[in-house]
There are 2 protein chains.
Amino acid sequence: MTLTPPPQRPARSAGRELKEKGLFEAARSVFAEEGFKGATTAEIARRAGVPKANLHYYFPTKEALYRAVTEEILSDWLAAASSFDENDDPKQAISTYVAAKMDLARADPLGSRIWASEILRGAPVIKDFLETTLAEWLASREAIMRRWIAAGKIRSLEPRYFFYMIWATTQHYADFEDQIKALNGGAPLSDEQFQKAKAQAIDTILNGVMP
Amino acid sequence: MTLTPPPQRPARSAGRELKEKGLFEAARSVFAEEGFKGATTAEIARRAGVPKANLHYYFPTKEALYRAVTEEILSDWLAAASSFDENDDPKQAISTYVAAKMDLARADPLGSRIWASEILRGAPVIKDFLETTLAEWLASREAIMRRWIAAGKIRSLEPRYFFYMIWATTQHYADFEDQIKALNGGAPLSDEQFQKAKAQAIDTILNGVMP
DNA sequence: ACGAGAATTGACCGCTTGGTCAAATCCATC
DNA sequence: GATGGATTTGACCAAGCGGTCAATTCTCGT
C-alpha cells in the first residue's frame, strides 16, 4: 500500500510532489508533538505554508494524511530491522541491530514519536501491522535467538523481552529527547555524546546477554 | 504544592473527596489515551459520571486538572527512585531500583503514559521538574555510580546513559503495553509473564554492568 | 492564443471545544 | 424550620475544529 496522489491523474509539474512533501513533513512534526487527535489540519497547513483548503486537496482527510505518514514509519522500521539478519554471529547481529535502531532514532526522531503516540492511544491504525508483520518478524527472530541459546552462544533468556529492551532503549533517545535535553543542561545530545550513548547501549546490552 | 480544593472552605461531606477522586481518575485515563490537547473535559466528565459543569466546579480549568494529575505522578516517580538508595551494594541497589520501576510501571501504567505524552509534547508543564529535581537526583546518583566504578565494583560507563536504559526498559512495559499486548496474542502480560520480564530485565541489566 | 483540466483559495458550514452562569437543590447549623 | 453557604446542573457562548465548495488562476497540449 503505497501513497497515492489524491486525484489519480499524472503529476503535472515537480511542484506537486514538492508541495505534497512539504505538507507531509509538516504533518509529521505536528503529529509527533500533538498526537493524532491533538493535531489540527490548520496547524499542519500553517507550518507547510499553504491554505488549509489546499491541504485537503492533496490529502482528503486528516486520517488519510496520518495514514500516509504512518506507513512510511513502519517501512523505515522494517528496513532497520533487517540489519539483524546481516550476520549469523550473535554478537555481530545484536551490535549491528542496536546500532541501526540508535541511528534511526537519531535520524528520524519524529517517526519514533509518532509511533509512540500511536501506541499510547491504543494503536487503532497500526494494530494490524503489530499483530501480523511485527509479530511475525518477532517470532522468527525469537527462533534465531533460541538456536543461539541452545548452541550456548548467548545466555538463556526469553528473546522477546530482550527485544523489548532494545526497542525501549533505542527509541528512548527519540521519544524522550526533550527529557534528555533537560537533563543535559538544555542542549540536545551532541554527536559525540550520542555516539558515546550508542556505544554504551551496544556494550551494556551485549554484556547483558553474552555468556 | 499540594492539590487545593477549588473553594477553600472545609470539606462538608465525604462525598466531596470521592467525587473529586472520581474526576481525577477519569482525567488520568483520558490524558493517558489522548494527551493533554487531545483530552476533552466532556469526555473526562462523562467517564466520571458527572456533568461537565460539575467538573469545572472542582477543577476550574483543564490545565489545573492536568497539573494536579501530573504532580502526583512526579511524586510517585520520586518515591520509586528512593529505592536506589536503600543499599550500598551496587548489585542490590540496581536490582531493587529496577524492580521498583517495573512494579511502578505495572501498578500505574497510566501515570507512565501521561509522563511520556507530556515529554512528547515538549514537557511544558514538567520542564521545571526535569531541569531541577530530576537533574539533581540524576547528578547525585551519577556520583554514587562513579564511586562504584572507581572502586571497581561495576564496569566503567557513563552513568546517565545507564539510567536512561533503566527508565526506557521499565517504562516500556507501561507506555507500550498495547504493542506488547498485540505481540502477545492480544492479551496483556499475565502476572507470571510480567514477573519473568522483570526478572530478566534485572538480570540483563546487572550482567550488563557487573565486571 | 485558446480550451480544458489541474491547482489554489477565501468564504463558509455544522459540530465540538473549554469555559461560564444563573437558577435550583442540598445540608449543617441555629 | 429557617438561613445561608456548598454544591449541582441545563443552557448557553465564543472560539476552534475538520471538511466543503464555487470561483479563480495556473499550466500545458494543441
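Order of the sequence lines sets the chain letters (A, B, ...), proteins ahead of strands, with each chain counted from 1. We use all heavy atoms of the structure for the numbers below, so side chains are in, but hydrogens, waters and symmetry mates are not.
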[X] [atom1] to [N] [atom2]: how many Å, rounded?
| X | N | atom1 | atom2 | value |
| --- | --- | --- | --- | --- |
| A/Glu20 | C/dA6 | CD | C1' | 14 Å |
| B/Glu43 | C/dC15 | CD | P | 20 Å |
| B/Tyr57 | C/dC26 | OH | P | 15 Å |
| B/Lys37 | C/dT16 | NZ | P | 19 Å |
| B/Glu34 | C/dG18 | CD | P | 11 Å |
| A/Lys62 | D/dG18 | NZ | P | 5 Å |
| A/Leu65 | D/dG18 | CG | P | 11 Å |
| B/Ile44 | C/dT17 | CD1 | C1' | 12 Å |

Using side-chain hydrogen bond (donor to acceptor under 3.5 Å, both in side chains) as the criterion, point out the one residue from A/Glu34, A/Arg113, A/Arg47, A/Glu43 that pairs with A/Ser29.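 Exactly one candidate clears the test, A/Arg47.
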Run through B/Glu71, B/Glu118, B/Arg28 and flag the one making a side-chain hydrogen bond (donor to acceptor under 3.5 Å, both in side chains) with B/Tyr66.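 The passing option is B/Glu118.
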If you find the nucleotide of DNA chain D closest to A/Ala39 and the one closest to A/Ala53, which residue's nucleotide is nearer the 5' end?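 Going by which nucleotide is closer to the 5' end, it is A/Ala39.
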Looking only at side-chain atoms of [X], point me to the closest of [options].
| X | options | value |
| --- | --- | --- |
| B/Thr41 | D/dG18, C/dG19, C/dG10 | C/dG19 |
| B/His56 | C/dG18, D/dT8, D/dT9 | C/dG18 |
| B/Tyr58 | D/dT7, C/dT9, D/dG19 | D/dT7 |
| A/Asn54 | D/dT20, C/dT8, D/dT8 | C/dT8 |

Which pair of non-hydrogen atoms, one from A/Leu130 and one from A/Ala123, has the smallest distance, and what is that distance?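 The answer is CD1-CB, 3.9 Å.
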Whichever of A/Lys52 and A/Leu55 has its nearest DNA chain C nucleotide further upstream toward 5':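 With A/Lys52 and A/Leu55 compared, the 5'-side residue is A/Leu55.
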So, is B/Lys19 close to the D/dT8 phosphate, meaning a side-chain N or O under 4.0 Å from OP1 or OP2?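 Yes, B/Lys19 has a side-chain N/O under 4.0 Å of OP1/OP2 on D/dT8.
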Within a strict 4.5 Å, meaning less than it, do heavy atoms of the B/Glu177 and B/Leu189 side chains meet?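 Of all side-chain heavy-atom pairs linking B/Leu189 with B/Glu177, none is under 4.5 Å.
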Check the orientation of B/Trp137 and B/Trp167. Use parallel for under 30°, tilted for 30 to 60°, and perpendicular for over 60°.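 Taking B/Trp167 first and then B/Trp137, their aromatic rings sit tilted (interplane angle of 30° to 60°).
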